[in-house]
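Accompanying notes for the structure given below.
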Amino acid sequence: MMKLLTLASLLPFLGSSVLGCDDHAHAHDHAHEKRAIPSVQLAPPTRPLDWSDINIIHTTDSHGWLLGHQKTSFPEPNYSGDLGDFASFVSHMKQIALEKDVDLLLVDSGDLHDGTGLSDGFPPGGVDAHESNKFLAKLPYDIMAIGNHELYIYNNTLDMYKNFAPHLNGRYLSSNVNITVPDKHGVNQSVPVGSRFAKFKTRKGRKVTSVGVLYDFTDNDEGTTVQKVSDMVKEQWFAEAIEEEPDFFLLVGHMPVQRDDWPLVFNAVRAVHPTTPILILGGHTHIRDCVQLDGRSMSLESGRYMETVGFLSAKLDQKGSKKNLTFSRRYLDPNRVTYEFHAQTKSFNFDTALGESITKGLNQLAVTFDLNMTFGTAPNDFTISRSPFPSNTSLLTLYAAEKRAVQEELERREKEAYGRGYVDKVYREWLREMNGRWGVERRAAQNLTLGYVTQDACPGIGDDILHAPLPFFSTPDFIASNAPNVTDDTPIDLVFVDFIEDQLLGILNAVQTNQTFTEADVQSYTDVLASAVLGLFAEKAWN
Ligand SMILES: *C1O[C@H](CO)[C@@H](O)[C@H](O)[C@H]1NC(C)=O
Ligand SMILES: *[C@@H]1O[C@H](CO)[C@@H](O)[C@H](O)[C@H]1NC(C)=O
Ligand SMILES: *[C@@H]1O[C@H](CO)[C@@H](O)[C@H](O)[C@H]1NC(C)=O
Ligand SMILES: *[C@@H]1O[C@H](CO)[C@@H](O)[C@H](O)[C@H]1NC(C)=O
Ligand SMILES: *[C@@H]1O[C@H](CO)[C@@H](O)[C@H](O)[C@H]1NC(C)=O
Ligand SMILES: *[C@@H]1O[C@H](CO)[C@@H](O)[C@H](O)[C@H]1NC(C)=O
Ligand SMILES: *[C@@H]1O[C@H](CO)[C@@H](O)[C@H](O)[C@H]1NC(C)=O
Ligand SMILES: *[C@@H]1O[C@H](CO)[C@@H](O)[C@H](O)[C@H]1NC(C)=O
Ligand SMILES: *[C@@H]1O[C@H](CO)[C@@H](O)[C@H](O)[C@H]1NC(C)=O
Ligand SMILES: *[C@@H]1O[C@H](CO)[C@@H](O)[C@H](O)[C@H]1NC(C)=O
Ligand SMILES: [Zn+2]
Ligand SMILES: [Zn+2]
């Protein structure tokens, strides 16, 4: 008889890799000396940004990556800018906008939770990202939208509602996302987490109407509500919000700019305003992407984990004009070399007081959360898709030595997994495609550094820096450790991560008919989360 036991997996949606050898997460060690140019030589961007009437700096899916990527293996140094550096960059860009007498807005498309120790390393009794979000709140964001990672745990949503949204003065948007909270009589009521929409004027006096939309996410916690995008656009409040014509619509949301529901929102606006400029800032699938839904609109998605800062600009024309507008977009690699280049500063005059205080505060948080704890030192880097499986640098090989594929079942459930927030498939497909198109040739030329190479649906080249793509190897969807050395009739327990429980039960019931396995047959194997396993392994094996 087989015993079914689960190993709880914490948010398996965030792709991970382990980087080895040098410089193991000694976050605080760098507090005082790291703000110089990273030890690795970084080349500057090749061309200035195309400033225009409306300019937008865009972040999305930052997932707690606020102290920059600190490893020295490429392309990590490219993403070494921390939130303090970013704050300094934004201040300088605001100053440039003043000098050019144009508008510059700062926008974020959600997923502030789940990803690094700064958000997730809180002590018992704390709330994820409660501390790290205080630093984000210091930046002059014009609009922020809610992401699915704000909704897996009710307490996180509650923290956004009570403590974070108020900092944005009505500009933290959750058009189709509610939270259930007791009113003053203790009676539960469902209310938007932030605001459903915002109307405001830019510094130059331009009227803006904004919404903040979440894609059709299905795995939100009890006490939170996600309304389908197709239902949201039929709401009375939505019709009223878009009725008046602004100078431009700023549609922000945690929803990919292609292959999802932006056209529902776009078409609803276009039905009322056929020519009003529409700027869309999306997110969620962690890729760099851009598309124009028509000639007077552009949609930008700016990657993930502070590996990308997006820039979008638009030249406005007369109201009622039907001509195509001139847009530009650029994907910046967030590091001080990039920031200083575009902010027209040098290292000595780049840092602002706000930027320095944010860097200092985040380094202090890293110390408080004990993030410099070294579990062990890996002999080399282990990656998921950059090394073939199996191989001695494959993270999957590190976990297990033998693979088992179950393919149809996986495809059947893909759609459901997407609804629950699984985006790695889209992100990896993007990596596979860029490697296939450019990988061999560009890496062989050896005159480019590793990084993202974007081919999107907007005109011209979007990447700020020309890179050679990372190698990409496909990996099996499931791996299993070798079975213990037993004879055929020895009973063995089956231990698996709880994220695949439904799939696993389905497979077990498909491969044999003697017994119908149900949820009731599954017990918890250990309190240790799957996400903690590597740390425990490193303590034993790499110390
Ligand atoms: C990423 O950016 C740096 C400069 O910003 C550039 O040298 C290089 O092209 C990329 N660097 C790495 C470090 O891959
Ligand atoms: C949620 O927060 C409340 C109050 O801060 C706390 O009492 C409760 O234990 C938390 N619940 C969970 C599941 O963390
Ligand atoms: C969200 O909250 C508003 C305001 O309380 C309420 O009218 C609406 O029905 C709620 N929407 C959903 C989908 O729960
Ligand atoms: C109010 O809603 C919360 C969150 O869903 C729930 O835990 C609680 O039981 C509800 N209280 C009542 C009285 O229905
Ligand atoms: C206007 O933009 C649309 C969408 O990008 C494009 O299909 C069309 O060819 C453009 N028209 C002109 C005249 O450039
Ligand atoms: C982490 O930082 C603390 C406080 O500065 C220090 O006591 C400790 O030795 C450091 N640990 C490691 C592993 O570097
Ligand atoms: C990994 O395998 C390659 C090829 O078999 C070998 O050259 C290399 O030394 C190995 N590296 C490690 C860290 O074992
Ligand atoms: C890199 O090398 C290739 C092949 O030699 C050449 O065509 C290309 O222009 C070079 N690119 C840069 C940025 O130097
Ligand atoms: C597996 O078990 C068989 C039979 O007991 C034994 O001969 C063999 O050495 C074992 N192999 C390993 C790798 O332990
Ligand atoms: C199914 O049950 C029969 C009879 O008890 C047994 O001989 C057989 O090994 C079982 N098969 C599996 C796959 O458990
Ligand atoms: Zn995300
Ligand atoms: Zn997301």
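All values reported here derive from a predicted model rather than from experimental measurement. All ligand and atom numbering here is 1-based and tracks the order in the structure. As a basis for the values below, the full set of heavy atoms in this structure was taken, side chains included, without hydrogen atoms, waters or symmetry mates. When a residue number appears, it is its place in the shown sequence, counting from 1.
- With a cut-off of 2.8 Å, the Zn ion (ligand 11) has an N, O or S atom of His63 in range.
- Close approach of ligand 3 to Asn178 (heavy-atom distance below 4.0 Å) involves ligand atoms 1 (C), 2 (O), 3 (C), 8 (C), 10 (C), 11 (N), 12 (C), 14 (O).
- For the pair Ile57/Val107, no side-chain contact is recorded, criterion being any heavy-atom separation below 4.5 Å from C-beta on.
- Considering only non-hydrogen protein atoms, atom 13 (C) of ligand 3 sits nearest to Thr225 CG2, 3.9 Å.
- For the pair Arg171 and Phe200, the cation sits on the ring face: its NZ or CZ lies under 6.0 Å from the ring centre, inside 45° of the axis.
- A donor atom on one side chain and an acceptor atom on the other are found under 3.5 Å apart for Tyr141 and Thr59.
- Closest protein heavy atom to atom 5 (O) of ligand 3: Ser190 O, 2.5 Å.
- In this structure, His286 has its ring center under 6.0 Å from that of Tyr305.
- Heavy atoms of Arg196 come nearer than 4.0 angstrom to ligand 3 in at least one pair.
- The Zn ion (ligand 11) has an N, O or S atom of Asp61 under 2.8 Å away, backbone or side chain.
- Thr180 and Asn188 share no donor-acceptor pair across their side chains, judged by distance under 3.5 Å alone.
- Protein heavy atoms are absent from the space less than 4.0 angstrom from atom 9 (O) of ligand 3.
- Counting backbone and side-chain atoms alike, Asn148 contributes an N/O/S atom closer than 2.8 Å to the Zn ion (ligand 12).
- Draw a line from the Zn ion (ligand 12) to ND1 of His284 and another to NE2 of His254, and the angle between them is 90° (to 10°).
- Between His273 and Phe249, the distance separating the two ring centers is shorter than 6.0 angstrom.
- Side-chain atoms of Glu235 and Gln227 include a donor-acceptor pair closer than 3.5 Å.
- When distances from the Zn ion (ligand 12) to the N, O or S atoms of Asp111 are compared, OD2 comes out shortest.
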